[in-house]
Amino acid sequence: MKVLGIETSCDETGIALYDSEHGLLADALFSQVQMHAEYGGVVPELASRDHVQRVLPLIQSVLSSAGLDSSAIDGIAYTAGPGLIGALMVGSCTAQALAYTWGVPALGVHHMEGHLLAPMLEEKPPQFPFVALLVSGGHTQLVEVDGIGDYRLLGESLDDAAGEAFDKAAKMMELDYPGGPRIAAMAQQGAAGRFRFPRPMTDRPGLDFSFSGLKTFTLNTVARHSHDGVCDQQTKADICRAFEEAVVETLVIKCRRALQQTGLKRLVIAGGVSANQRLREGLGAMAHKLGGELFYARPEFCTDNGAMIAYAGCQRLQAGEREALGAKPQPRWPMEQLKPLIVANAGGSSDG
Ligand code: KG4
Ligand code: ZN
């Protein structure tokens, strides 16, 4: 089955073609990052307008790089939520109109399920069950995953998401949007040990997170080390290093707890922040110590992309899921509302 995937939930137009027999055939992405950088964050109205401009040309280019035309497509998967409503509407209208015209089913996919399953696109996909840490710009969640759609929330952020904390901290140091990659790059020049940031909520039991305190701590540290409102580059790098270490160590502590609590050995990280090298190293070492293993997607499939939506949609369409004509996007859509897929072992082992 060949499924076209359309991702337009935020500031990236991602298109891909996934084949249940041959894997990923082609993918393309247009990132609006430059356009939004000027405003220090995503401007929803501009995002929607840009998706309109990009979506069809990108679909055309994905089909042509796969050497296929529309008659080869068996289904269309699109991100139905969560995300920015205007941006989601572009993807859902495009997907539903094309599906109607081509006489194939369309299916709305949950954006975080897409992220969660992105590591299935890699050469060595994780087997179910596993613990997943979802760390994106909008979500920080620990989930026990028994199969596609079979999710049990173990813990989540009570305030800011991890990626959001990176973005806000970066803004305080006048680093461009998105802040995660900027902070990671600056941190490489930073000295270890000059600053120590708190590891929020690690001194009490439980698997929830809180990152808003780190924001205040960053703001105060920047202010204390600024002269005439200016913070020098080395100090910024040292702050970035301490900030990144604090976020990573906090995530490592909670993931260790989640593995111990569930007795599971496999840990999957997904979402934009899972591209972070220090996080991958920290979690990899921790999982190894417990006799377990860490899985993640290639960096371009950690952040928003069409491949993860094509993959997730393909699994569900193959299992026979269908939606009514005119299905609505869902800007708020708790992942626990998803239903388990009714096929035996639909994981990546057979067609990843
Ligand atoms: O998954 P994603 O592309 O979009 C959402 O669904 O939110 O995640 C974007 C988030 C941003 O907050 C960005 O700063 C963060 O992922 N991010 C990173 C890195 N690359 C992206 N954070 C830390 N280190 C990175 N290397
Ligand atoms: Zn995302």
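In listed order, ligands and their atoms are each counted from 1. The figures here come from the full heavy-atom set of this structure, side chains too, leaving out hydrogens, waters and symmetry mates. Since the model is a prediction, treat every value here as computed from it, not as a measurement.
- Protein residues lining ligand 1, listed by chain and number: His111, His115, Ser136, Gly137, Gly138, Gly163, Phe166, Asp167, Pro178, Gly179, Gly180, Pro181, Gly271, Gly272, Val273, Ala275, Asn276, Cys302, Thr303, Asp304 [non-hydrogen atoms, distance under 4.0 Å].
- Under the ring-ring contact (aromatic ring centres under 6.0 Å, His included) criterion, the residue pairs touching residues 176-202 are Phe195-His225, Phe197-Phe217, with sequence neighbours excluded.
- A distance-only check finds a donor-acceptor pair linking the side chain of Gln96 to the backbone of Gly326 [under 3.5 Å].
- Scanning both residues, Leu46 and His36, for their nearest heavy atoms gives CB-CE1, 4.2 Å.
- In this pair, Phe128 and Phe130 present their aromatic rings parallel. The plane angle is below 30°, not in the 30 to 60° band.
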Item checked: Trace of the salt bridge (charged side-chain N to carboxylate O under 4.0 Å, His left out) decision for Asp167 with Lys171 -> CA-CA 6 Å; Asp167 296 338; Lys171 216 169 178 178; over 6 Å; no
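- Side-chain contact between Leu117 and Met308 is absent, with no heavy-atom pair separated by less than 4.5 Å.
- Applying the side-chain hydrogen bond (donor to acceptor under 3.5 Å, both in side chains) definition to pairs two or more places apart or across chains, those involving residues 323-336 are Tyr78-Glu323.
- Annotation: side chain of His115 is not in contact with side chain of Val135 (no heavy-atom distance under 4.5 Å).
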Notebook entry, point to check: For Lys2 and Asp74, what are the C-alpha separation, side-chain angles and deciding distance, and is it a salt bridge (charged side-chain N to carboxylate O under 4.0 Å, His left out)?
Noted result: CA-CA 5 Å; Lys2 289 185 183 60; Asp74 302 301; 5.5 Å; no
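- Ordered by chain and number, His111 NE2, His115 NE2, Asp304 OD1 make up the set of protein N, O or S atoms under 2.8 Å of the Zn ion (ligand 2).
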